[in-house]
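Chain letters run A, B, ... following the sequence lines, proteins first, then strands; residues in each count from 1. Please read these numbers as outputs of a predicted model, since none were measured by experiment.
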Amino acid sequence: MNIDWAALGSVFGVSLVVTVALVGLFTLGIVGLSKQPEPAAQGGSGGSVLLARAGAYVCFGLCAAAVTYGIYLIVA
Amino acid sequence: MEHITLLLAIVIVTALVFDFTNGFHDTANAMATTISTGALRPKTAVAMSAVLNLVGAFLSVEVAKTISGGIINEDGLRTEVIFAALVGAILWNLLTWLVGLPSSSSHALFGGLIGAAVMSAGWSSVNGGTVVTKVLLPAVAAPIVAGLAALLATRLTYRIGGKVRNDAQEKATAKGYRAGQIASAGLVSLAHGTNDAQKTMGIITLALVTGGVLHPGANPPVWVIVCAGTAIALGTYLGGWRIIRTMGSGLTDLKPPQGFAAQTSAATVILASSHLGFSLSTTQSCSGAVMGAGLGRQGGVVRWSTATRMFVAWGLTLPAAGLVGAGAELLTKQGTWGVVVVAALLVVGSGAIWMVSRRKPVGHDDVAPTDVDDEPAGVVTTAIAAVSPPPTTAQAAAQNLMTTIPAPAGTTQDPARPATV
């Protein structure tokens, strides 16, 4: 019997890091987008709104890239 | 194709039936949480999963060279043994579906193969070490890995998103989480199509090779790919609502952020494991992720009684399918009449399980979330209706409330009536 602990360990590590990173990114994106209307209504600085929005789109973009990579993994 | 014997035809049909049960057994993996959080309507969810399964079946060019991946010695494997193994796997899949427990279809197939091979050629035909590394260890590791990842991800998402307080924002974010969840669920479906339809193609191809129709090492013919893909897609579209109910709302109550975390964790674990050389079971990963997400939310609970039943089913999968496989092989060994008897028993057994399931049918209406967006308004109007009118109408309103679906419409009319009289 030859258990490939290294492979199991890397599956463990990679899964953990990737899941947490992806969910974190996505949540940041959602929070960034949802915050956007509030300061605008108060007439706050437009710069921070724009920044939050841009950041959110960057987050979503990264998540989309991860999904694309996932599809690539399935196809390859 | 003129060489296809009766036995070979039976094996091909049985393999497709297994593929079909595999489809509706594993719909839950991809779609249970998607349905329970309201990201997709039940019918839409299974339709999407079915299409992706079908696409997945055609995507991968890699041919499943072995059925069992070295668990049993496949040299000189007789067609009858494959048949007996399939019978064990199908019956176990149907039985676990009947009680609504998610269990691994691949493990059921492995169990059937082990049982049939032992009965056919003795214990030496089973590679014990591979059973541990390919079945037991992944079954234990998968829920832990996926569960832990989902737990941490859920914690994180609630910590980051915790600042979002007001209602309108919560609704907006829920929409976002649901969209993300659909993407993760799609990945799981696609991966399932490539892996599991592939497995059936492997079985049919191997049976064709054993039967002398194809030369060894041949790629599966196009009709095999089409049949296998269609069977799994049809099974998926049928929807194993019982298992979806258990996984989506039976283990724990999922909110959109949790559903997203769970599904993302499951998709990541499945993809990471199959590409880093340590395959983890899909079903176990998904169930583990759901439980992890359930524990991750403050005040979230996992119903351990349901979880325990599920663990027991996982433990029983291998031996139970193995026993049936062994029994079937004992009969098929006797010759053609044995094969026919086993086929008849399979039909009768499946029919009996189906009949029992009809007594308490579970359909797509039973898995839909009870708290979709429009429901809170309904509760408020019924509450107002119950307070304002005289006692008699209040009782009627209360009764209406219990009959659920027509409640909002019925009760908004009710208070109007005493006012006009």
Of all heavy-atom pairs linking I74(A) and L271(B), the shortest is CG1-CD2, 3.5 Å

Scored by heavy-atom pairs under 4.5 Å with chain A, the best of T268(B), N195(B), T154(B) is T268(B)

Residue from A266(B), S265(B), A272(B) scoring the most non-hydrogen pairs under 4.5 Å with chain A is S265(B)

Applying a strict 4.5 Å limit to non-hydrogen atoms, the region of A191(B) in contact with chain A is both

The reported gap from CD1 in I270(B) to OG in S15(A) (rounded to nearest 0.5 angstrom) is 10.0 Å

Turns out that what part of L156(B) lies under 4.5 Å from chain A's heavy atoms comes down to side chain

Residues T157(B) and T27(A): side-chain donor-acceptor under 3.5 angstrom:
yes

- Query: Can you list the steps and then say if W5(A) with L137(B) is a side chain to side chain contact (heavy atoms under 4.5 Å, CB included)?
  - Reply: CA-CA 10 Å; W5(A) 291 111; L137(B) 200 57; 4.2 Å; yes

Note: T19(A) and A153(B) closest approach over all heavy atoms is CG2-CB, 4.0 Å

d(L8(A) CG, L280(B) CG) to nearest 0.5 Å is 7.0 Å

Checklist line | Verdict with supporting geometry, L16(A) and L148(B), side chain to side chain contact (heavy atoms under 4.5 Å, CB included) | finding: CA-CA 7 Å; L16(A) 217 62; L148(B) 205 62; 4.1 Å; yes

Exercise. Just do the side chain to side chain contact (heavy atoms under 4.5 Å, CB included) check on F26(A) and T264(B) with the steps written out, would you?
Key: CA-CA 11 Å; F26(A) 198 82; T264(B) 305; over 6 Å; no

